[in-house]
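For the single chain, residues carry numbers from 1 onward in sequence order. These values consider heavy atoms only, across backbone and side chains, with no hydrogens, waters or symmetry-generated copies.
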Amino acid sequence: MFSAVRRGLVSSNVVLERIMPLLTPTAIVVGVLNEASLLPLTWLVPWTFAAMTLIGSLKSNFRDLLAVLVKPQKLLVLLIILHIVMPLIGWLAAMLFFPGDPYTVTGYVLLFAIPTGVVSVVWVSMHGGNIALTLALILIDTLLSPLIVPGTLYVLMGASVQIEIGEMMRGLLWMVVLPSVAGMLLNQVSKGKISAACGPPLAPLVKVGLFIVVSINGASIARYLKHPDGKLALIIAVTFVTVALGYVIGAVVSRRLHYDHASAVAVQFNSGMRNLSAGAVLAVQYFPPSVGLPVISGMLFQQILAACSGMFIRSRARRLQESSQSADPLVASAPAGQQGHALE
């Protein structure tokens, strides 16, 4: 019976991964339509998120982290994109389109100050990316988040809004950092056995948890979404463009630095992905509801843009393979099963 349940969970995870681009937008709709029944469940959000982080961290271990830290150039490039380039872009865009509205500007800074998303592992693995680099980035970015997130908000917003830095750091510590460290230690102590045994059947629970968190957070800003106006439309448009820029910048940087395919995939996805569920939790818990609008609107597009980014990666890989085959007659004439070896 246990094996049947395990197979069912693994199969359901495959289905959930296929519908990932639709998962978060659907959750927002559910939250808006069920505002009255979901708002009392706000207390559940941090606990659900902590459990999601723990499960998502079971793939991490010290060995992969050390391998990336030995040659940290790609990791540093990603951290610069994530926590210098993108927050500045978000801040400048918000200052341009929403002058005199410090809460909306804060929402955009928060949108790009939060760490990269755990779900990026799914997209990177689906497209043959560098998993070790992705896991190391997630772990380091998560561990630094209690310093980076409040620090970025303070530097860019200053005294414009009241920021509960101490409370926010404590929230990030127990909601993100401690579960991540616990998951990594469990994987390390068990020598990977717990990840192999528990990772696949628990994976769909992360997607379900994401749906729950986004739905409840969607309910918290339902009053804004139920009565759309020109400002909301502008927020959605600016969010779409700025979030898309993250993927574009990752793709351009990886090409300029001549990264191999696996590293380029990791850089592209991780430059665009954000832990928006964590950002929404922070926005709802520590700021007025209007701060959450840019973060919640980012949830509408992040997975869809990730799917588009994946299509671009596949298309480019196909073009490179075709050009390699046309340039090398031995590759072009090799049987299909041997072309991969010839290209290597």
Side-chain angles (χ1 to χ4, degrees), residues 24 75-99 101-120 123 134 137-138 140-158 160-161 163 165 168-169 171-172 176 214 217 221 234-253 267-287 290-306 309:
T24 46
L75 183 65
L76 291 174
V77 167
L78 275 167
L79 289 173
I80 290 171
I81 293 172
L82 283 169
H83 296 299
I84 296 179
V85 176
M86 292 310 300
L88 283 173
I89 288 175
W91 178 73
L92 289 171
M95 292 293 288
L96 175 64
F97 290 100
F98 307 100
D101 186 351
Y103 291 123
T104 300
V105 176
T106 300
Y108 278 100
V109 175
L110 180 61
L111 172 64
F112 293 110
I114 51 181
T116 190
V118 175
V119 74
S120 62
W123 292 102
T134 301
L137 172 68
I138 290 170
I140 291 173
D141 208 14
T142 298
L143 294 176
L144 294 176
S145 60
L147 298 174
I148 290 177
V149 177
T152 304
L153 286 166
Y154 181 78
V155 169
L156 292 179
M157 298 308 302
S160 300
V161 294
I163 303 171
I165 292 180
M168 188 181 299
M169 290 178 70
L172 283 164
V176 178
V214 175
N217 287 329
I221 61 166
L234 184 58
I235 286 175
I236 291 174
V238 172
T239 301
F240 177 83
V241 173
T242 52
V243 171
L245 272 175
Y247 294 97
V248 173
I249 290 172
V252 171
V253 168
V267 170
Q268 185 167 331
F269 278 115
N270 285 297
S271 296
M273 300 295 291
R274 294 284 175 165
N275 200 335
L276 292 183
S277 49
V281 174
L282 294 175
V284 170
Q285 288 198 337
Y286 302 110
F287 296 99
S290 57
V291 172
L293 282 173
V295 182
I296 298 293
S297 63
M299 292 179 172
L300 292 170
F301 308 119
Q302 180 168 259
Q303 302 301 328
I304 296 172
L305 287 169
S309 186

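Heavy atoms only, all atoms of each residue included: Ile249 and Met86 are closest at CD1-SD, 3.7 Å. Between Ser271 and Gly246, the shortest heavy-atom distance links the atoms CB-O, 3.3 Å. When all heavy atoms are compared, the tightest approach of Asn270 to Leu82 is O-CD2, 3.2 Å. When all heavy atoms of Val267 and Gly250 are compared, the pair lying nearest together is CG1-O, 3.6 Å. Among all heavy-atom pairs drawn from Ile148 and Ala113, the shortest one is CG2-O, 4.0 Å.
Expressed to the nearest 0.5 Å, how far OG of Ser145 lies from CG of Asp141 amounts to 7.0 Å. Remark: Ile89 CD1 to Ile81 CD1 distance equals 9.5 Å, nearest 0.5 Å. Between Thr152 atom OG1 and Phe112 atom CZ the span is 12.5 Å, to the nearest 0.5 Å. Atoms CG and CE, from Leu156 and Met95 in turn, are 10.0 Å apart once rounded to the nearest 0.5 Å. Going from atom CD1 of Ile140 over to atom CG of Leu75 covers 4.5 Å, rounded to the nearest 0.5 Å. In this structure, CE on Met273 lies 10.5 Å from OG1 on Thr134, to the nearest 0.5 angstrom.
Between Phe301 and Phe240, the angle of the ring planes goes over 60°, which puts this pair in the perpendicular group of the 30/60° scheme.
Sorted by first and then second residue, the side-chain hydrogen bond (donor to acceptor under 3.5 Å, both in side chains) pairs involving residues 240-251 (not counting sequence neighbours) form an empty list.
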Step by step, work out the side-chain contact (heavy atoms from CB on, under 4.5 Å) result for Leu293 and Ile236. CA-CA 9 Å; Leu293 282 173; Ile236 291 174; over 6 Å; no
- Go through the steps to decide whether Leu153 and Phe287 satisfy the test side-chain contact (heavy atoms from CB on, under 4.5 Å), and finish with yes or no. CA-CA 12 Å; Leu153 286 166; Phe287 296 99; 4.0 Å; yes
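Without hydrogens or angle criteria, Tyr108 side chain to Ile235 main chain gives a donor-acceptor distance under 3.5 Å. With hydrogens and angles disregarded, no donor-acceptor distance shorter than 3.5 Å links the side chain of Ser309 to the backbone of Leu305. Put simply, the side chain of Gln302 never gets that close to the backbone of Val243: no donor and acceptor are under 3.5 Å apart. Counting only distance, with no hydrogens or angles, the side chain of Ser297 and the backbone of Pro294 share a donor-acceptor pair below 3.5 Å.
Just one of Leu282, Leu110, Thr239 meets the side chain to side chain contact (heavy atoms under 4.5 Å, CB included) condition when paired with Val295; it is Leu110. With Phe97 as the partner, the side chain to side chain contact (heavy atoms under 4.5 Å, CB included) test is satisfied by one option alone out of Leu92, Val105, Leu234, Thr104: Leu234.
Residues Ile84 and Leu88 meet the side-chain proximity criterion, which asks for heavy atoms closer than 4.5 Å. Residues Leu276 and Leu111 meet the side-chain proximity criterion, which asks for heavy atoms closer than 4.5 Å. Counting heavy atoms from C-beta on, the side chains of Leu144 and His83 never come closer than 4.5 Å.
The side chain to side chain contact (heavy atoms under 4.5 Å, CB included) check on Val155 picks up nothing, with sequence neighbours excluded.
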